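A quick write-up on the structure given underneath.
The chain is numbered in sequence order, starting from 1. As the structure lists them, so they are numbered: ligands from 1, and atoms in each ligand from 1. Since this is a predicted model, take the numbers as computed values, not measurements. Computation of the quantities below employed the complete heavy-atom set of this structure, encompassing side-chain atoms and omitting hydrogens, waters and symmetry-equivalent molecules.
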Amino acid sequence: MSQKINGVKGMNDLLPGEIEIWQFVESTARTLFGRFGYGEVRTPMVEDTALFVRSVGEETDIVGKEMYTFEDKGGRSLSLRPEGTAPAARAYIEHSVNNQEPVSRWFYMGPMFRYERMKTGRYRQFSQIGAEAYGAKEPAQDAELMDVVVQFLEALGLTDVTLNINSLGDDNCRPAYHAKLVEYLNAHKEELCADCQQRLERNPLRVLDCKNEKCQAVAAAGPNVLEFLCEPCRAHFTDLQRKLGVLGIRYVVNHRLVRGLDYYTRTVFEFIASHPALGTASTVGGGGRYDKMMKGLGGPDVPAVGFAMGLDRLVLLLKESGKTFAQRPDLFIAVADEGSQDEGLKLASRLRREGLKVDFDTRGGSLKSQMKRADKSGARFTLVLGEQERTTGQAKLKPMAGGEPVPVALDSVAATVRAQPEAPAPAPAC
Ligand code: ATP
Ligand code: MG
């Protein structure tokens, strides 16, 4: 017997039954981002490795440890994208979008790849929905972007999520904070985990992000970045908070929030869910301002702010909610005898063309087995087609949730089904 081949570790298949939740999240995002004027951008799954090294940063976990990097047949170093902000910025620069409009608002959704240690909510292929606003440095733009996320989560019915905000300052004021932080962390080096002792050398801000409790305790008592902000950065952060107030968006100021990428300046934010199902993977999304990145990638001096949400984690939360997302069939057509099989197939085809969601057992078989299948399908109605129905042109719609059958002419099934009031879905038979 041939050996079975499994999927790649950390990369999941999404099958019908689960995919409906994903489709719900994706279509909600499309509607909502569209309302805010964000247009969809699709970039390739693979980019020049240098793009991520120069934007995300060599010292980050993402670039340093997690990237799927390979050489193509032409000897180029390419990487599966680990995130969406740098590819979008690359496309923005490459197409000189700044010459076409002063402000651009883009969103993207799709798979990202990181070689991570897997657990609940943490995979090697995962999906993100993200948005980027280019060309506006004002705090109103940061607030608008957070409003997109707030309304998106509301539309998904996920309300138990807290917005954390912070400011990391800019090139002017961050060095002083950085120096103070290094001094402080060095004095507490022995209390830090092995990873953080290394981070301290290479990327001290990352220590604040560590999930280890001891490191968190050290970080909590460390210098507060907000006390180091220069006047323009302080004003930006204060105004952002005022704007969030104007929009009625609740938030928490968290001076330890740094985020895992190097490119942020000033505003950073995260949306953190409190549901225990996510364990340590409780951050459903986050983002920040990256005013210097475009220039660092050889592009124009255009300020930008963006965020990315992890779809896998949103889907986990929605699964916990117990809601159903699959659309049930309007009608199941069962045939009473062999001779009605063709007519049944034809009727199903016609009703689908007329817009109904119709289930039909292509295997035929006994009426009893078809009725079992009808039960399982969760269809609103079943119509049994036999010789009598075919000759009279009259049939009955049997409501699967119980109740009186509804007489129907075979040439007006779609209209009759649509005219019936919605009853709650029957519990599917086991
Ligand atoms: P974490 O601290 O959880 O590792 P991160 O800071 O690496 O997150 P970002 O790069 O900011 O995450 O990505 C934004 C969102 O994408 C995260 O908040 C999370 O919801 C999701 N995400 C990131 N990495 C993964 C992963 N390996 N599997 C599933 N979702 C992920
Ligand atoms: Mg990470």
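- Atom 4 (O) of ligand 1 has as its closest protein heavy atom Arg122 NH1, 2.8 Å.
- Under a 4.0 Å N-O distance rule, the pair Asp61/Arg206 does not qualify as a salt bridge.
- A salt bridge links Glu18 and Lys319; the closest N-O separation between the charged side-chain nitrogens and carboxylate oxygens is under 4.0 Å.
- Aromatic ring centroids of Tyr38 and Phe107 lie 6.0 Å or more apart.
- Residue contacts with ligand 1 for Asp61 are absent, since no atom lies close enough (heavy atoms, distance under 4.0 Å).
- Residue Gln128 approaches ligand 1 through these ligand atoms, each under 4.0 Å from one of its heavy atoms: 13 (O), 14 (C), 15 (C), 16 (O).
- Closest to atom 2 (O) of ligand 1, if we only count protein heavy atoms, is Lys211 NZ, 3.0 Å.
- Side-chain atoms of Glu83 come within 3.5 Å of backbone atoms of Ala86 as a donor-acceptor pair (strictly under, hydrogens ignored).
- Numbered from 1 in the order shown, with element, the atoms of ligand 1 that lie under 4.0 Å from a heavy atom of Gly121 read 28 (N), 29 (C), 30 (N).
- Taking the charged nitrogens against the carboxylate oxygens, Glu47 and Arg90 do have a contact shorter than 4.0 Å, which makes a salt bridge.
- Polar contact with ligand 1: absent for Asp312 (N/O pair, distance under 3.5 Å).
- The closest approach between Arg114 and ligand 1 falls below 4.0 Å for a heavy atom of the residue.
- Only the side chain of Glu116 comes within contact range of ligand 1, with a heavy atom under 4.0 Å; no backbone atom does.
- Nearest residue to atom 25 (C) of ligand 1 from Phe307, Phe113, Phe126, Phe271 is Phe126 (criterion: closest heavy atom).
- Contact annotation for Met112 and ligand 1: no heavy atom of the residue comes within less than 4.0 Å of the ligand.
- Numbered from 1 in the order shown, with element, the atoms of ligand 1 that lie under 4.0 Å from a heavy atom of Ala308 read 14 (C), 15 (C).
- At a heavy-atom distance under 4.0 Å, no atom of Arg117 approaches ligand 1.
- Taking the six-membered ring for Trp and thresholds of 30 and 60 degrees, Phe152 and Phe33 have ring planes inclined between 30 and 60 degrees apart.
- For atom 8 (O) of ligand 1, the nearest protein heavy atom lies 4.0 Å or farther away.
- Look at Lys323 and Glu20 and you find no salt bridge, because none of the NZ, NE, NH1 or NH2 atoms lies under 4.0 Å from a carboxylate O.
- For atom 18 (O) of ligand 1, the closest non-hydrogen atom on the protein side is Thr283 O, 3.1 Å.
- Of the protein's non-hydrogen atoms, Gly310 CA, 3.5 Å is the one closest to atom 21 (C) of ligand 1.
- In this structure, Tyr115 and Tyr68 have perpendicular ring planes: the angle between them is above 60°, well past the 30° mark.
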Checklist entry - Stepwise, does the salt bridge (Lys or Arg N to Asp or Glu O under 4.0 Å) test hold for Lys189 with Glu201? => result CA-CA 11 Å; Lys189 197 168 176 179; Glu201 306 300 325; 3.2 Å; yes
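- Using a 4.0 Å cut-off between charged nitrogen and carboxylate oxygen, Asp170 and Arg174 do not count as a salt-bridge pair.
- Between Tyr263 and Tyr290, the ring planes lie tilted relative to each other; the angle falls in the 30° to 60° range.
- Residue contacts with ligand 1 leave out Glu270, since none of its heavy atoms falls under 4.0 Å from the ligand.
- For a threshold of 3.5 Å applied to N or O pairs, the pair formed by Ile62 and ligand 1 contains no separation below that value.
- Residue-level proximity to ligand 1 for Arg259 is carried by the side chain, the only part with a heavy atom below 4.0 angstrom.
- Considering both main-chain and side-chain atoms, Tyr123 comes within under 3.5 Å of ligand 1 through a nitrogen or oxygen pair.
- Checked for salt-bridge contact, Glu116 and Arg122 meet the test: a charged N lies under 4.0 Å from a carboxylate O.
- Put simply, no part of Ala281 is less than 4.0 Å from ligand 1, judged by heavy atoms.
- Counting non-hydrogen atoms of other residues, nucleotides and ligands closer than 6.0 Å to CZ of Arg76 gives a total of 12 or fewer.
- Counting atoms of ligand 1 from 1 in the listed order, those under 4.0 Å from a heavy atom of Val284 are 18 (O), 20 (O).
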